[in-house]
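Everything on this sheet refers to the single structure shown next.
Worth saying up front: this structure is predicted, and the values here are computed from it rather than measured. Nothing fancy with the numbering, it's 1 onward along the sequence.
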Amino acid sequence: MLASDKSSLKRTPLHGLHVARGGKMVPFAGYEMPVQFPAGVLKEHLHTRSAAGLFDVSHMGQLTLRAKSGRVEDAALALERLVPQDIVAVAPQRQRYAQFTNGNGGILDDLMVANFGDHLFLVVNAACKAEDEAHLRAHLSDTCIIDSLPDRALIALQGPKAESALAKLCADVTTMRFMDTGPRKVAGFDCFVSRSGYTGEDGFEISVPAEQAEALVTQLLDNPDVLPIGLGARDSLRLEAGLCLYGHDLDTTTTPVEGALEWSVQKSRRSGGARAGGFPGAEKILSQFEKGASRRRVGLRAQGRAPVREGAQLFADTASSEPIGKVTSGGFGPTLNAPIAMGYLPTALAANGTQVFAEVRGQRLPLQVAAMPFVPNTYKR
């Protein structure tokens, strides 16, 4: 990367800590982020699965949505004009996964929506956060006040020892269940804590004032069970968990049904539901619920040892010239000690056990459609 390009990258409040701990910094979503630390991607991945990994996700966008009426229900109803999820039913101190959709049913971004009692708290993807904020302002400013929170950092603590590590600084996290969320004092700092994450492991995401982020992270890393984890292991962990990366597995041409995200759209927003439709692309998305979609996101297990990377074309056999689909995420799964991938196939070929072939360096490698997640999740329900 040219020096002039690198100088335009933003830095998170934890940049200095990453450099001091030997993080290898790379450009990602407009930020300079650690791709790995001295332990290396493989050890970071396995440590998160066996103990606890700490991730800097401060590049993501944090926003609040407040109804001008003062009623959180009105903020929820307003947001339902932009997403196919039931936001009204999200109870106080709980959160839900959602997607912004466009007029063709494609996904503009995926996000988390939390009910903080008198307002909603949103976490959106780094590469989309400016567009997401503009989208909210363009469509909801008539009824809501939208505020971005650039003065807050965001960290994720993931793994089977995440609870014990965080409980040393915030005792009541032990009472939280998966997707519980809300304000908490952590090491004396005013944080928002959710029991969630993007690794498939039990864990937490912690929003903390930017100026206190390094002090909080230093205390967490003082625990020998906790290691700093870079983008490399973050990607392999979420792939094993069968979770989508926006801009790769989901985009503006992909509907929630095609993306195998039907579970995220509650019955109240589907045909016949109490508040059916009313979101961008509803006609197409609801039609796909009724009639099915022509393609679907699937898991893929390689039958050899060679990893199949993003962009690889998928074929029905070893001889055909017309691709039937494409790999959108792929790599080595350290927990499985095997290559895995996700991609899109015609729905008729999306059943588990179906064999397809990926073209890699001029060769057709056999893959089998497989159930996801590849590694069972360990959320505390």
Checklist outcome for this item: By ring-ring contact (aromatic ring centres under 6.0 Å, His included), His59 pairs with (sequence neighbours left out) Phe28
Next on the checklist: For Asp251 and Tyr246, which I'm curious about, is there any donor-acceptor pair between the side chains at under 3.5 Å?
Outcome noted: no
Next on the checklist: What I'd like to find out is whether the side chain of Val19 reaches to under 4.5 Å of the side chain of Pro34, using heavy atoms alone.
Outcome noted: no
Next on the checklist: Ignoring hydrogens and geometry beyond distance, is a side-chain donor-acceptor pair present between Thr335 and Arg49 at under 3.5 Å?
Outcome noted: yes
Checklist entry - So with a 6.0 Å cut-off around NZ of Lys380, is the heavy-atom count from everything else above 12? => result yes
Next on the checklist: Before you tell me yes or no, could you show the steps for Asn125 and Met60 under side-chain contact (heavy atoms from CB on, under 4.5 Å), namely the whole-Å CA-CA distance, both residues' side-chain angles and the distance that decides it to 0.1 Å?
Outcome noted: CA-CA 5 Å; Asn125 283 304; Met60 297 184 76; 3.7 Å; yes
Next on the checklist: Applying ring pair (Phe, Tyr, Trp, His ring centres under 6.0 Å) to Phe121 and Phe116, what does each step give before you reach the verdict?
Outcome noted: CA-CA 7 Å; Phe121 173 65; Phe116 275 11; 5.1 Å; yes
Item to check | Ser236 versus His45, side-chain donor and acceptor atoms under 3.5 Å | outcome: yes
Checklist entry - Side chains of Thr252 and Asn102: donor-acceptor distance under 3.5 Å anywhere? => result no
Item to check | Co-membership, hydrophobic cluster, residues Val265 and Leu243, 4.5 Å side-chain | outcome: no
Item to check | Stepwise side-chain contact (heavy atoms from CB on, under 4.5 Å) check, Leu367 with Val308 | outcome: CA-CA 9 Å; Leu367 302 170; Val308 178; 3.9 Å; yes
Checklist entry - Heavy atoms, side chains only, cut-off 4.5 Å: are Thr48 and Phe55 in contact? => result yes
Checklist entry - Asn115 side chain to Val90 main-chain N or O, any donor-acceptor pair under 3.5 Å? => result yes
Next on the checklist: Please give me the minimum heavy-atom distance between Pro373 and Pro376, naming the atom from each residue.
Outcome noted: CG-CA, 4.3 Å
Item to check | Step-by-step side-chain contact (heavy atoms from CB on, under 4.5 Å) determination, Arg184 to Phe192 | outcome: CA-CA 6 Å; Arg184 295 283 191 286; Phe192 311 143; over 6 Å; no
Checklist entry - Heavy atoms, side chains only, cut-off 4.5 Å: are Thr64 and Leu120 in contact? => result no
Item to check | NZ/NE/NH1/NH2 to OD/OE distance under 4.0 Å, Glu290 and Arg270 | outcome: no
Next on the checklist: If hydrophobic clusters are built from ILVMFWY residues whose side chains come within less than 4.5 Å, do Leu220 and Leu227 share one?
Outcome noted: no
Next on the checklist: Between Glu44 (side chain only) and Ala233 (backbone N and O only), is there a donor and an acceptor less than 3.5 Å apart?
Outcome noted: no
Checklist entry - In terms of side-chain heavy atoms, does Ser264 have a donor or acceptor partner in Gln99 at a distance below 3.5 Å? => result yes
Checklist entry - Within a strict 4.5 Å, meaning less than it, do heavy atoms of the Asp190 and Gln212 side chains meet? => result no
Next on the checklist: Within the supplied structure, the quantity of interest is the number of heavy atoms (other residues, nucleotides, ligands) at a distance under 6.0 Å from Gln363 CD; does it exceed 12?
Outcome noted: no
Item to check | Smallest separation among heavy atoms of Val226 and Ala165, with atom names | outcome: CG2-CB, 3.8 Å
Checklist entry - Looking just at side-chain N and O atoms, do Glu310 and Thr328 make a donor-acceptor pair shorter than 3.5 Å? => result no
Item to check | Arg238 and Ser329: side chain donor to acceptor below 3.5 Å | outcome: yes
Next on the checklist: Counting C-beta onward and ignoring hydrogens, is there a side-chain heavy-atom pair between Leu216 and Phe189 closer than 4.5 Å?
Outcome noted: yes
Checklist entry - Are Glu205 and Arg195 close enough for a salt bridge, meaning some N to O gap below 4.0 Å? => result no
Checklist entry - Is Arg297 salt-bridged to Glu258, cutoff N-O under 4.0 Å? => result no
Item to check | Expected output: side-chain Arg269 to main-chain Arg275 donor-acceptor under 3.5 Å | outcome: yes
Next on the checklist: Contact between His135 and Leu82 at the side-chain level, heavy atoms closer than 4.5 Å - yes or no?
Outcome noted: yes
Would you give me the side-chain donor-acceptor pairs under 3.5 Å for residues 68-76, sequence neighbours excluded?
{"residue": "Lys68", "atom": "NZ", "partner": "Ser141", "partner atom": "O", "Å": "2.8"}
{"residue": "Ser69", "atom": "OG", "partner": "Arg71", "partner atom": "N", "Å": "3.2"}
{"residue": "Ser69", "atom": "OG", "partner": "Asp74", "partner atom": "OD2", "Å": "2.5"}
{"residue": "Arg71", "atom": "NE", "partner": "Asp74", "partner atom": "OD2", "Å": "3.3"}

Item to check | Presence of salt bridge, Lys129 and Glu133, under 4.0 angstrom | outcome: no
Item to check | Partners passing side-chain hydrogen bond (donor to acceptor under 3.5 Å, both in side chains) against Lys284 (at least two apart in sequence or in another chain) | outcome: none
Checklist entry - Is Val298 close to Met342 at the side-chain level, that is, under 4.5 Å between some pair of heavy atoms? => result no
Next on the checklist: Restricting to non-hydrogen atoms, name the atom on Ser58 and the atom on Pro13 that form the minimum distance, rounded to 0.1 Å.
Outcome noted: CB-CD, 4.0 Å
Item to check | Check: Thr378 side chain, Asp202 main-chain N or O, donor-acceptor pair, under 3.5 Å | outcome: yes
Checklist entry - Taking the side chain from Glu359 and the backbone from Leu314, do they hold a donor-acceptor pair closer than 3.5 Å? => result no
Checklist entry - Among Leu111, Ile146, Asp109, which one satisfies side-chain contact (heavy atoms from CB on, under 4.5 Å) with Asp132? => result Asp109
Checklist entry - Between Phe204 and Met112, is there a shared hydrophobic cluster once you connect ILVMFWY residues whose side-chain heavy atoms come closer than 4.5 Å? => result no
Checklist entry - Can a salt bridge be assigned to the pair Glu32 and Lys10 using a cut-off of 4.0 Å between side-chain N and carboxylate O? => result no
Checklist outcome for this item: Across all chains, not counting sequence neighbours, the side-chain hydrogen bond (donor to acceptor under 3.5 Å, both in side chains) partners of Arg301 are none
Item to check | Residues Glu163 and Lys168 bridged, charged N to O under 4.0 Å | outcome: no
Checklist entry - Are side-chain N/O atoms of Gln62 and Ser207 paired as donor and acceptor at under 3.5 Å? => result yes
Item to check | Criterion side-chain contact (heavy atoms from CB on, under 4.5 Å) on Ile107 and Leu261, from CA distance to verdict | outcome: CA-CA 11 Å; Ile107 298 171; Leu261 300 174; 4.2 Å; yes
Next on the checklist: Under the rule for side-chain hydrogen bond (donor to acceptor under 3.5 Å, both in side chains), what residues qualify as partners of Thr101, not counting sequence neighbours?
Outcome noted: none
Checklist entry - Do Tyr344 and Arg296 come within less than 4.5 Å of each other through their side chains, counting heavy atoms only? => result no
Checklist entry - Same cluster for Val208 and Leu14 if Ile/Leu/Val/Met/Phe/Trp/Tyr side chains link at under 4.5 Å? => result yes
Item to check | In one Ile/Leu/Val/Met/Phe/Trp/Tyr side-chain cluster, 4.5 Å: Leu157, Leu17 | outcome: yes
Item to check | Counterpart residues, salt bridge (Lys or Arg N to Asp or Glu O under 4.0 Å), relative to Lys161 (two or more places apart) | outcome: Asp225
Checklist entry - Is it the case that more than 12 heavy atoms not belonging to Glu211 sit under 6.0 Å from its CD atom? => result yes
Checklist entry - Counting heavy atoms not belonging to Arg361, are there more than 12 under 6.0 Å from its CZ? => result no
